[in-house]
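Take a look at the structure below.
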Amino acid sequence: MRNILIVSLALTLHFLQPLANASNLEADQGWLLLIIHADMELHEIEISGAESISIKRKDIPPGHSIHLRKVEAGEYTIRDVDITTFYRFTLTPDEWKFRVFPGAITYVGHFDVQSLSNDRARLELVNRSSVALEYMQREHLELLEQIPFKYGGPGEDMFLQELERLGYGSR
């Protein structure tokens, strides 16, 4: 029993370690926040841009998964979504672009994948910034208090703009 507790504690500390160093962002880095909701198992999501990002099957279980990671600031595109090793959706670049801002937590959207059949799915990148902000307040308040929270997905975010106008999040 003691060995299981030690392993659990070590794994927990390993996964929390990157967030403990939130203020140690390089000048050209930011935090990417992408929330994925899929009603099916996904094999991989590939993102191209300032750096290549690959989110593998083990990190995208059916249901919700939240991805908060330190990345190079810049422009990105969700390029491919592999449903299995045989079915891949290659996405039109203009519709799937987002930006990660340096020195900030950049929420880029909820990536929703809804199965329509064995080889068809509906894919959307939806802005739910209020939900993402609530998640950050609940799970990563210390990080949120250190650096700004911004929206970098498609379109504009009037909710976060209004919060900024009211003085929320100004550092």
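Since this is a predicted model, take the numbers as computed values, not measurements. Both backbone and side-chain heavy atoms feed into the values below; hydrogens, waters and symmetry mates do not.
Shown here are the side chain to side chain donor-acceptor pair (under 3.5 Å) partners of Arg165, two or more places apart in sequence or in another chain: Glu162.
The closest donor-acceptor contact from the side chain of Glu72 to the backbone of Glu51 lies at 3.5 Å or more, if one exists at all. Not a single donor-acceptor pair under 3.5 Å links the side chain of Tyr76 to the backbone N or O of Ser52. Not one N or O on the side chain of Glu134 forms a donor-acceptor pair closer than 3.5 Å with the backbone of Val131.
Val113 and Tyr87 fall within the same hydrophobic cluster, defined by Ile, Leu, Val, Met, Phe, Trp and Tyr side-chain heavy atoms under 4.5 Å apart, directly or through other members.
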Side chain to side chain contact (heavy atoms under 4.5 Å, CB included) assessment of Gln29 paired with Val71: CA-CA 6 Å; Gln29 289 183 321; Val71 298; over 6 Å; no
Check against side chain to side chain contact (heavy atoms under 4.5 Å, CB included), Met40 and Ile83: CA-CA 8 Å; Met40 60 195 299; Ile83 293 183; 3.2 Å; yes
CA sep, side-chain torsions, deciding dist, call: Ile105, Met136, side chain to side chain contact (heavy atoms under 4.5 Å, CB included): CA-CA 10 Å; Ile105 305 159; Met136 291 299 298; 3.7 Å; yes
Intermediate values then yes/no, side chain to side chain contact (heavy atoms under 4.5 Å, CB included), Arg79 and Leu91: CA-CA 5 Å; Arg79 191 181 70 218; Leu91 307 177; over 6 Å; no
Intermediate values then yes/no, salt bridge (Lys or Arg N to Asp or Glu O under 4.0 Å), Glu75 and Lys97: CA-CA 7 Å; Glu75 301 290 328; Lys97 289 185 178 194; over 6 Å; no
Lys56 vs Glu46, salt bridge (Lys or Arg N to Asp or Glu O under 4.0 Å): CA-CA, chis, key distance, verdict: CA-CA 9 Å; Lys56 302 286 187 183; Glu46 295 177 31; over 6 Å; no
Criterion salt bridge (Lys or Arg N to Asp or Glu O under 4.0 Å) on Arg128 and Asp112, from CA distance to verdict: CA-CA 11 Å; Arg128 295 187 187 115; Asp112 291 339; 2.9 Å; yes
Pair Asp39-Ser115, side-chain hydrogen bond (donor to acceptor under 3.5 Å, both in side chains): steps then yes or no: CA-CA 6 Å; Asp39 67 357; Ser115 175; 4.8 Å; no
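The heavy-atom pair separating Ile55 from His67 by the smallest distance is CG2-CE1, 3.5 Å. When all heavy atoms are compared, the tightest approach of Ile47 to Phe98 is CG2-CZ, 3.8 Å. A pairwise comparison of heavy atoms in Leu34 and Gly109 identifies CD1-O, 3.4 Å as the closest pair. Closest of all the heavy-atom pairs between Ala50 and Ala73 is CB-O, 3.5 Å. Scanning all heavy atoms of the two residues, the minimum distance from Val108 to Arg99 falls at CG1-O, 4.0 Å. The nearest pair of heavy atoms linking Gly152 to Phe101 is CA-CE1, 3.9 Å.
With hydrogens and angles left out, the side-chain atoms of Glu44 and Ser54 include a donor and acceptor closer than 3.5 Å. With 3.5 Å as the limit, one finds a donor-acceptor pair spanning the side chains of Asp80 and Thr90.
Annotation: side chain of Ile36 is not in contact with side chain of His64 (no heavy-atom distance under 4.5 Å). Inter-residue side-chain proximity for Trp31 and Thr106 is flagged as unmet; no heavy-atom pair is nearer than 4.5 Å.
Between the CZ atom in Phe111 and the CD1 atom in Ile60 there is a gap of 9.0 Å [rounded to 0.5 Å]. Note that CZ of Arg69 and CG of Leu33 are 11.5 Å apart. Values are rounded to the nearest 0.5 Å. Between atom OH of residue Tyr107 and atom CG of residue Leu133 there is a gap of 10.5 Å, rounded to the nearest 0.5 Å. To the nearest 0.5 Å, the span separating CD on Gln137 from CZ on Phe149 amounts to 8.5 Å. Note that NZ of Lys58 and OG of Ser65 are 11.5 Å apart. Values are rounded to the nearest 0.5 Å. How far CZ of Arg57 is from CD of Glu41: 5.0 Å, rounded to the nearest 0.5 Å.
Using cut-offs of 30° and 60° on the angle between ring planes, the pair His140 and Tyr135 is perpendicular.
The local environment of CE in Met158 is sparse, with at most 12 non-hydrogen atoms from other residues, nucleotides or ligands closer than 6.0 Å.
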